[in-house]
Amino acid sequence: MSRIAESELIINNRGAVYHLDLRPEELAGTVVTVGDPDRVAEFSKYFDTVEVRRQHREFVTHTGTVGGKRLTVLSSGIGPDNIDIVMNELDALVNINFETREIRPELNSLNIIRVGTSGSLQADIPVDSFVAATHGLGLDNLLNFYRPEETDEETQLLQSFVTHVQMQGLSTPYITGAAPSLLKHFVTGFHQGITVTCPGFYGPQGRVLRLGVRNPQLIDRLTDFSFGQHRITNFEMETSAIFGLGKLLGHHCLAINAIVANRIVKEFSRDGKAAVERLIIQFLETFKNNF
Ligand code: R1P
Ligand code: URA
């Protein structure tokens, strides 16, 4: 088995992977990712005990137990570029031996669940409601640097999407399904549908302040796209990258989002923090009872 060089996998003096500053034993088998570093403590305040607290740049990690089960909560910061770092380093922690720098002969799978905020693309999905992503559809290009693996149905959905949304020249989209073993626990109290991931918050989500956008119809076309029983429910900035890299690396991934903006009825939540708090409590109850 070949040794991975120091320049490719960076391990610091603490024996921890570079950006996340985590050692293998500091990670639980289930990892929650959140965008906002301050959201990590909003989770861990419900832990029985917190055994690990680390921070390097925007990557804050708390590992502890809740209901007697071990859980890691980690902030990714904003955007799919950060997710490239998070997913590769999480995978290295469980699937690369840091002593020998070789890939482990038996690969390990993590549960990786994003708990975030998002904008609704449907009038019937109001602010302060929750969405569980059946799929992550990426407009962000990250997975095109790897080798996407799509099912025939996903390839057909993407072809239909590119034509309908008029994506030519803007992005080469990719799509990955959520892990069914996780998604089945997030039905009651959740809308379900395709979560679109964008490489920005303004132009890439059709927000016009002072700059014009290349595709002024983007929001309308995302809203009225359908493929069989699938429709687009919401968009944000991380899910497709988590799902795409997670699937290629063999992890089980899910994303649940609190809706803080509704782009169709043009509303913003009056108390997005309270909605996120309710989502955290609901996730932790489900984790304690089902994971
Ligand atoms: C934009 O405001 C950020 O909020 C959403 C987007 O995906 C993006 O990261 O998620 P988080 O609340 O998890 O950061
Ligand atoms: N996060 C996003 O990326 N977009 C929104 O509209 C709300 C939260």
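Numbering of ligands and ligand atoms starts at 1, following listing order.
Hydrophobic clustering, defined by side-chain heavy atoms of Ile, Leu, Val, Met, Phe, Trp and Tyr closer than 4.5 Å, groups L170 together with L121, L137, L139, L157, L158, F161, V162, V165, M167, I175, I194, V196, L218, I219, L222, F225, F227, I232, F235, I264. M237 belongs to a hydrophobic cluster with I78, F201, Y202, L209, counting contacts under 4.5 Å between side-chain heavy atoms of Ile, Leu, Val, Met, Phe, Trp and Tyr, direct or through other members.
Of the protein's heavy atoms, R114 NH2, 2.9 Å lies nearest to atom 10 (O) of ligand 1. At the shortest separation from atom 14 (O) of ligand 1 among protein heavy atoms lies G35 CA, 3.3 Å. Looking only at heavy atoms of the protein, atom 9 (O) of ligand 1 is closest to E238 OE2, 2.6 Å. Looking only at protein heavy atoms, the nearest one to atom 4 (O) of ligand 1 is T117 OG1, 3.3 Å.
A salt bridge links E238 with R114: at least one charged nitrogen is closer than 4.0 Å to a carboxylate oxygen. Using a 4.0 Å cut-off between a side-chain N of Lys or Arg and a carboxylate O of Asp or Glu, K45 and E277 qualify as a salt bridge. We find that R23 and E25 are joined by a salt bridge, their nearest charged nitrogen and carboxylate oxygen being less than 4.0 Å apart. We find that D124 and R231 are joined by a salt bridge, their nearest charged nitrogen and carboxylate oxygen being less than 4.0 Å apart.
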Show the short N or O contacts, below 3.5 Å, that ligand 2 makes with protein N or O atoms; if there are none, say 'none'.
| residue | atom | partner | partner atom | Å |
| --- | --- | --- | --- | --- |
| ligand 2 | 3 (O) | Q205 | NE2 | 2.9 |
| ligand 2 | 4 (N) | Q205 | OE1 | 2.8 |
| ligand 2 | 6 (O) | R207 | NH2 | 2.7 |

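Below 4.0 Å from some heavy atom of R39 lie the following atoms of ligand 1, by number and element: 11 (P), 12 (O), 13 (O). Heavy-atom contacts of G116 reach the following atoms of ligand 1: 13 (O) (cutoff under 4.0 Å).
The aromatic rings of F130 and F190 lie tilted to each other, with the angle between the two planes from 30° to 60°.
Looking at G77 next to ligand 1, no N or O pair under 3.5 Å apart turns up. Ligand 1 has no nitrogen or oxygen under 3.5 angstrom from a nitrogen or oxygen of E236. An N or O contact shorter than 3.5 Å is missing between F201 and ligand 1 by distance.
Side chain of E267 to main chain of A261: no donor-acceptor pair is present (N/O by atom type, distance under 3.5 Å, no hydrogens or angles).
Checked against salt bridge (Lys or Arg N to Asp or Glu O under 4.0 Å), R101 has the following partners two or more places apart in sequence or in another chain: E6.
Separation of the H185 and F287 ring centroids does not fall under the 6.0 Å cut-off.
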